[in-house]
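Side chains are part of it too, since the values below use all heavy atoms of this structure and drop only hydrogens, waters and symmetry mates.
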Amino acid sequence: IDDSKNWTGDLIGTYHNDRFSMKVEAKAYSDDGFRKNTEQSGQVYSAFLEGAVTGQDTLQFNAIVGNRKTGDLPLRDIPILITFEEFETDEYNFGLGWHRSFKPGTDLAVSATWNKTDQTGTILDPATLEPTAISSTATLAGPQLEAQFVHRTGRYGWIVGLGGFDGTLDLTSTVGASSLEGDELYGNAYGYVKVGDLGPVELVGGLAVESVDSPVGLIPPRDSFIIPTDVRYQNTQVSPKFGLTSTYPGAGLTLRAAAFSRLAPSIGRLQSLEPTQVSGFNQFYEDVGGTKSWNYGVGFDQQFIGKIF
């Protein structure tokens, strides 16, 4: 174990006018790690464009292309022990969105996204830490389509939406020249209502119907020592959401509480228009597809003076 030497470079360009804006970025980084085989390096290239086609319609496009090389990261149970493997991940993500404003407080958003992730894990020689011929590769790819309608009137705010992901997971290995593949399917529909003007209190209630069909027996290279199988997990559930926020500006205090359920989507589905938080509590985590969970939270935000929270 020793110190870590690292560097990061970031180049950004932007352009704006009355009806159009864009941003392009190139980023690179390298870190030799705190011990052998914890090094990492990567490059990420991204572009975002947005234009107002009319006074009510906006189109958006984004693209992300990245590469990441690491040793045995993330760390396992005993960080100081070296695991003799390395990983290389390539990411391709392209999205197109349309936003329509019908009138103040009433909006429609539609997005289409295609994503592909390739990850290769390679076993290292324990004596030299050089790559061997033993490796496995997982490829996750597929499109997703979503739509969301938002309406705000008086003390009420409504959000309803639906979406679907139709992807594939392919797993290949040099051991026995084996190859497996499976379909990843996920669909959801949801509705949220936010009620304000109740004195200091704001209430949030929601309901989501979530359906997942995931090849849980196909393990990415990170856990390639587990023998893959053709086991699938299928489930559909109704997930309620409840939240409460109470704000006291004079005291600089905000109290929050939430309880919500969720059925995690397949691993290939990376983005969503659905609200990511319920009364300030994050409801999306990188769980295995098909994970069912109930989450409960209470919290407070306190502003003392000026910019001290």
Side-chain angles (χ1 to χ4, degrees), residues 95 97 99-102 105-113 115 144-167 184-214 216 233-249 253-302 309:
H99 173 234
R100 170 79 172 184
S101 178
F102 295 97
T106 303
D107 301 88
L108 173 67
V110 179
S111 75
T113 306
N115 186 83
Q144 68 182 65
L145 182 65
E146 293 186 77
Q148 184 182 94
F149 181 77
V150 179
H151 180 64
R152 296 174 292 275
T153 177
R155 68 171 62 181
Y156 299 100
W158 303 85
I159 300 176
V160 295
L162 55 86
F165 171 76
D166 185 0
E184 284 195 300
L185 305 173
Y186 182 81
N188 70 322
Y190 56 86
Y192 292 81
V193 59
K194 181 181 293 185
V195 184
D197 294 334
L198 301 174
V201 176
E202 178 183 84
L203 300 177
V204 176
L207 204 64
V209 179
E210 301 158 322
S211 179
V212 64
D213 185 347
S214 178
V216 294
Y233 178 83
Q234 298 173 311
N235 193 17
T236 299
Q237 79 170 36
V238 177
S239 302
K241 326 278 185 178
F242 305 100
L244 180 149
T245 303
S246 187
T247 305
Y248 305 92
L253 176 65
T254 299
L255 303 176
R256 298 180 289 112
F260 49 86
S261 175
R262 183 169 185 256
L263 178 64
S266 306
I267 191 173
R269 180 180 180 269
L270 301 178
Q271 298 160 285
S272 178
L273 295 177
E274 183 177 356
T276 60
Q277 296 183 340
V278 178
S279 294
F281 292 93
N282 187 21
Q283 64 168 329
F284 293 161
Y285 300 92
E286 294 183 356
D287 294 321
V288 175
T291 301
K292 297 187 293 184
S293 63
W294 267 99
N295 297 269
Y296 308 90
V298 294
F300 71 91
D301 307 323
Q302 178 67 59
F309 295 83

Below 4.5 Å, heavy atoms only, C-beta onward: do L263 and T291 meet side chain to side chain?
no
With a 4.5 Å heavy-atom cut-off, do V201 and T245 have their side chains touching?
no
Say whether, by atom type as modelled, one donor and one acceptor occur between the side chain of T106 and the main chain of S101 under 3.5 angstrom.
no
Between E210 and Q237, is there a donor-acceptor pair closer than 3.5 Å when you use the side chain of the first and the backbone of the second?
no
Any idea which heavy atoms bring [X] and [Y] closest together, and the distance?
X    : Y    : answer
V212 : Y186 : CB-CD1, 4.0 Å
S239 : S261 : CB-O, 3.2 Å
Q302 : L253 : OE1-CD1, 3.4 Å
W294 : A259 : CZ3-C, 4.3 Å
F284 : N282 : O-ND2, 3.0 Å
Y248 : L255 : CE1-CD1, 4.2 Å

Sequence neighbours excluded, every pair satisfying salt bridge (Lys or Arg N to Asp or Glu O under 4.0 Å) that has a member inside residues 292-301:
R256-D301
Could you work out, with salt bridge (Lys or Arg N to Asp or Glu O under 4.0 Å) as the rule, every residue matching R155, not counting sequence neighbours?
none
For D166, check salt bridge (Lys or Arg N to Asp or Glu O under 4.0 Å) against everything at least two apart and list the hits.
none
For L244, the option from V278, V204, L203 that meets side chain to side chain contact (heavy atoms under 4.5 Å, CB included):
L203
Between T236 and V209, is a side-chain contact (heavy atoms from CB on, under 4.5 Å) present by the stated rule, with each step listed?
CA-CA 7 Å; T236 299; V209 179; 4.2 Å; yes
Evaluate the side-chain contact (heavy atoms from CB on, under 4.5 Å) criterion for residues F149 and W158: first the C-alpha distance (whole Å), next the side-chain angles of each, then the deciding distance (0.1 Å), finally the verdict.
CA-CA 8 Å; F149 181 77; W158 303 85; over 6 Å; no
Listed partners of Q277 passing side chain to side chain donor-acceptor pair (under 3.5 Å), at least two apart
none
Contacts of type side chain to side chain donor-acceptor pair (under 3.5 Å), residue S111, not counting sequence neighbours:
none
Quick one: which residue pairs count as a side chain to side chain donor-acceptor pair (under 3.5 Å) with a foot in residues 189-207, not counting sequence neighbours?
Q148-Y190, Y192-E274, Y192-Q283
Before giving the answer on side-chain hydrogen bond (donor to acceptor under 3.5 Å, both in side chains), spell out for Q144 and T113 the whole-Å C-alpha distance, their side-chain angles and the decisive distance to 0.1 Å.
CA-CA 5 Å; Q144 68 182 65; T113 306; 4.8 Å; no
CZ (F300) with more than 12 external heavy atoms under 6.0 Å:
no
What is the distance from atom CZ of F281 to atom OH of Y296, rounded to the nearest 0.5 Å?
14.0 Å
Just verifying a value: how many Å separate L108 CG and H151 NE2, rounded to the nearest 0.5 Å?
13.5 Å
